[in-house]
Amino acid sequence: PLTSSASSSGVGSMAGSAEELRACYREIPDCFLKPDFALTHPATFAEVCGTPPDPAGVASQLSCQLDLVEVALLKQIWARSPAFFRSLDDMKQLQGLVARTILHIQSTRVNLAGSDQAATHLPAMVPKMHRRARNCSQLHEKMFCMQQVLQAKQAIASLVEVEDYMTALELIHSARQVFHREQLSSIASMRVIGSQLDDFDGKVC
């Protein structure tokens, strides 16, 4: 949290220094406070140096007035220094808060950009995912049919060996139906199976 306003002791110090500054102003001639002050003006020179001029007295008087101004300014600076440092601390805290806010905004923008990308990317992936699921289902069905035909071929070979031709013929007919329905002849590794089924059919018949 930001620091509070000046304390009562600080206010008292500032009030005291302001009174001393007013006392200093009462000791300093008004001509020194004018924005167009210049000793080249005859009236200003006469007011500062006197008529006739007294260099020793003027130097002593100016030295005394300069000391009064320096002391008044130093006390003003001392009285206002706590408020200055508090303001400096407040500024540093505000800078830290602004820096954290900027980082938070940047992070939010990155998150929003990622959300926008996901929102536009995921719908585009839905048709691809449907096609992939359909292709995987077709591949699974094709593999299952290939397994059935291979198992049937092995069973047919065993039936022919034991001369169970009726059962072998039924199994050949069933395997050939699956082979042609699923177009397994389009698979290079299954073409020889089709030829073997034809050979078994010729032997049994």
Side-chain angles (χ1 to χ4, degrees), residues 1-11 14 77 79-205:
L2 301 181
T3 56
S4 60
S5 60
S7 62
S8 58
S9 60
V11 173
M14 292 180 64
I77 295 172
R80 285 176 168 79
S81 59
F84 170 77
F85 286 114
R86 280 194 296 272
S87 299
L88 186 61
D89 289 339
D90 291 347
M91 185 176 296
K92 289 181 179 180
Q93 292 182 21
L94 285 173
Q95 287 176 343
L97 179 60
V98 170
R100 290 193 296 272
T101 303
I102 291 174
L103 289 176
H104 180 69
I105 291 173
Q106 291 175 345
S107 176
T108 302
R109 285 179 176 175
V110 171
N111 292 334
L112 288 175
S115 299
D116 291 341
Q117 184 177 4
T120 55
H121 180 68
L122 289 178
M125 290 295 295
V126 171
K128 293 182 180 180
M129 294 173 66
H130 279 300
R131 286 195 298 271
R132 180 177 295 179
R134 184 174 62 252
N135 292 337
C136 288
S137 177
Q138 291 176 352
L139 177 62
H140 178 267
E141 183 177 357
K142 188 76 70 176
M143 295 293 292
F144 179 74
C145 292
M146 289 171 61
Q147 184 181 16
Q148 282 186 320
V149 172
L150 290 173
Q151 290 176 348
K153 185 190 74 92
Q154 294 175 355
I156 291 169
S158 300
L159 291 172
V160 171
E161 288 181 3
V162 297
E163 298 181 356
D164 188 353
Y165 299 116
M166 291 299 298
T167 306
L169 189 61
E170 293 177 359
L171 197 54
I172 292 171
H173 179 70
S174 176
R176 292 179 70 181
Q177 279 185 333
V178 174
F179 187 86
H180 293 297
R181 184 182 70 240
E182 299 298 331
Q183 298 180 352
L184 297 181
S185 59
S186 61
I187 301 174
S189 61
M190 292 296 293
R191 289 171 188 167
V192 65
I193 304 299
S195 300
Q196 291 175 351
L197 291 176
D198 292 338
D199 291 342
F200 281 131
D201 189 32
K203 291 178 180 178
V204 172
C205 294

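As the structure is a prediction and not an experimental result, all values here were calculated from the model. In this chain, numbering begins with 1 at the start of the sequence shown.
Considering every non-hydrogen atom in both E182 and C145, the closest pair reads CG-SG, 3.5 Å. When all heavy atoms of V160 and A168 are compared, the pair lying nearest together is CG2-CB, 4.3 Å.
Between the CG atom of L150 and the CE atom of M190 there is a distance of 4.5 Å, given to the nearest 0.5 Å. From I156, atom CD1 reaches atom CG of D199 across 11.5 Å, with rounding to the nearest 0.5 Å. Here CD of Q95 is found 11.0 Å from CG of L97. Values are rounded to the nearest 0.5 Å.
Pairs passing the side chain to side chain donor-acceptor pair (under 3.5 Å) check and including a residue from residues 165-179, sequence neighbours excluded, read D164-T167, H173-Q177, R176-D198, R176-D201. Here side chain to side chain donor-acceptor pair (under 3.5 Å) pairs that include residues 134-161, with residues two or more places apart or in two chains, are K153-Q196.
Every residue two or more places apart in sequence or in another chain that forms a side-chain contact (heavy atoms from CB on, under 4.5 Å) with T108 is listed here: H104, L112. L103 pairs by the side-chain contact (heavy atoms from CB on, under 4.5 Å) definition with Q106, not counting sequence neighbours. Taking L139 as the reference, M143 meet the side-chain contact (heavy atoms from CB on, under 4.5 Å) condition, with sequence neighbours excluded. Residues satisfying the side-chain contact (heavy atoms from CB on, under 4.5 Å) criterion with K128, sequence neighbours excluded, are M125, R131.
A 4.5 Å side-chain heavy-atom check between L184 and V149 finds at least one atom pair inside the cut-off.
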